[in-house]
Visitor: 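Shown below is the structure under consideration.
Starting from 1, each residue takes its place in the sequence as its number. Because the structure is predicted, anything quoted here is derived from the model rather than measured.
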Amino acid sequence: MFYVTKMNDITNSAVKQLHVPYKYAFTFTSTVHFIPVFMNDMAGIMEAQTARGVEFDGSLVKKVRLMVPLCVPLLVSSVRKTNSAAIAAEVRGFRLRTRNSGFKEYPLAARDYIALAVSVAILVVAIVL
């Protein structure tokens, strides 16, 4: 769902349907958005350490002991990205946003219900076979 849906639409639907305050919904969707970015950063840091001869194989305790120092560069990187995102939100008037601004309604039509029924039928057939 997070891959195919715009983050702004997820935030707006959380505000409208779940009645979550916009700031909290925005914080949640931003967090979900940054998870793959931080995972890629961590993979890059681990690759760099592997190139320097660090071996991440072994027991769980050894892996944890080797991963803790890698969290410092990841933390620095995440603080920079978070700061940049906060500045961008401030420049774009994040505080000026109200509950009703930015909503775009997507009413369901008959073709949407037909597509849903066809999708469910295909899923049922796939499960049965």
Side-chain angles (χ1 to χ4, degrees):
M1 179 183 89
F2 291 110
Y3 186 71
V4 297
T5 308
K6 293 179 184 177
M7 290 296 167
N8 196 24
D9 290 342
I10 294 172
T11 304
N12 288 337
S13 64
V15 170
K16 185 173 181 182
Q17 302 298 325
L18 303 175
H19 305 289
V20 175
Y22 180 77
K23 289 182 181 182
Y24 298 125
F26 180 77
T27 302
F28 173 73
T29 55
S30 296
T31 303
V32 170
H33 172 74
F34 277 118
I35 288 173
V37 174
F38 294 146
M39 288 178 62
N40 287 338
D41 288 350
M42 187 63 166
I45 293 168
M46 288 178 67
E47 286 177 15
Q49 293 298 324
T50 303
R52 291 183 179 107
V54 176
E55 296 180 12
F56 291 102
D57 298 332
S59 67
L60 181 64
V61 175
K62 181 182 176 187
K63 286 181 184 179
V64 170
R65 196 176 318 134
L66 290 171
M67 295 291 277
V68 170
L70 301 182
C71 292
V72 174
L74 183 64
L75 182 64
V76 170
S77 170
S78 65
V79 167
R80 281 186 190 141
K81 288 179 182 167
T82 305
N83 189 30
S84 297
I87 291 170
E90 192 70 27
V91 168
R92 293 178 184 161
F94 179 76
R95 283 200 219 163
L96 302 175
R97 187 171 175 108
T98 62
R99 175 178 275 276
N100 295 328
S101 65
F103 283 122
K104 186 173 183 181
E105 294 289 333
Y106 295 105
L108 293 176
R111 62 186 168 135
D112 296 321
Y113 292 111
I114 293 170
L116 179 64
V118 169
S119 299
V120 168
I122 291 172
L123 181 66
V124 167
V125 169
I127 291 173
V128 170
L129 294 179

Visitor: Can you pull the ring-ring contact (aromatic ring centres under 6.0 Å, His included) pairs that have at least one residue in residues 109-129, sequence neighbours excluded?
Guide: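 Of all non-adjacent pairs touching residues 109-129, none passes ring-ring contact (aromatic ring centres under 6.0 Å, His included).
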Visitor: Could you go step by step and tell me if L70 and M67 meet the side-chain contact (heavy atoms from CB on, under 4.5 Å) rule?
Guide: CA-CA 5 Å; L70 301 182; M67 295 291 277; 4.1 Å; yes
Visitor: With rounding to the nearest 0.5 Å, note down the distance linking OG in S13 to CG in N8.
Guide: 9.5 Å
Visitor: Any idea which heavy atoms bring P107 and D112 closest together, and the distance?
Guide: O-OD2, 3.9 Å
Visitor: Could you measure the distance from the CG atom of N12 to the CD atom of Q17? Nearest 0.5 Å is fine.
Guide: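 Answer rounded to 0.5 Å: 11.0 Å.
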Visitor: If you apply the rule side-chain contact (heavy atoms from CB on, under 4.5 Å), what do you find for R65 with V61, and how did you get there?
Guide: CA-CA 6 Å; R65 196 176 318 134; V61 175; 3.5 Å; yes
Visitor: Count I, L, V, M, F, W, Y as connected when their side-chain heavy atoms are under 4.5 Å apart, and connections chain through other members. Are L60 and V68 then in the same cluster?
Guide: yes
Visitor: If I take atom OH from residue Y24 and atom CG from residue L18, how far apart are they, to the nearest 0.5 angstrom?
Guide: 15.5 Å
Visitor: Which heavy-atom pair separates V15 from A25 by the least distance, and what is that distance?
Guide: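 Heavy atoms of V15 and A25 come nearest at CG2-CB, 4.0 Å.
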Visitor: State the OG-CD1 distance between S30 and I35, to the nearest 0.5 angstrom.
Guide: 11.0 Å
Visitor: Just wondering, are more than 12 heavy atoms of other shown residues or ligands nearer than 6.0 Å to NZ in K62?
Guide: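 Result for NZ/K62: enclosed.
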Visitor: Check L74 against I45 and note the closest heavy-atom contact, atom names and distance.
Guide: N-CD1, 3.8 Å
Visitor: Check the surroundings of atom NZ in K23: do more than 12 heavy atoms from other residues, nucleotides or ligands lie under 6.0 Å from it?
Guide: no
Visitor: Report yes or no: does S77 contribute a side-chain atom to a donor-acceptor pair with the main-chain N or O of P73 at less than 3.5 Å?
Guide: no
Visitor: Starting from L116 and following side-chain heavy-atom contacts under 4.5 Å between hydrophobic residues (I, L, V, M, F, W, Y), which residues can be reached?
Guide: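 So far as hydrophobic clustering goes, L116 is joined with V120, V124, V128.
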Visitor: Minimum heavy-atom separation for T29 to M7, with atom names?
Guide: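 Closest pair (atom of T29, atom of M7, distance): O-SD, 3.7 Å.
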Visitor: What residues, two or more places apart in sequence or in another chain, satisfy ring-ring contact (aromatic ring centres under 6.0 Å, His included) together with F38?
Guide: F34
Visitor: Rounded at 0.5 Å granularity, tell me how far CE in M46 sits from CG in L66.
Guide: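 Between M46 CE and L66 CG, I get 9.0 Å after rounding to 0.5 Å.
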Visitor: Do L75 and M39 share a hydrophobic cluster, counting only Ile, Leu, Val, Met, Phe, Trp and Tyr and linking them when any side-chain heavy atoms are less than 4.5 Å apart?
Guide: no
Visitor: Once you round to the nearest 0.5 Å, how far does OH of Y22 lie from NZ of K16?
Guide: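 Interatomic distance, Y22 OH to K16 NZ, rounded to 0.5 Å: 15.5 Å.
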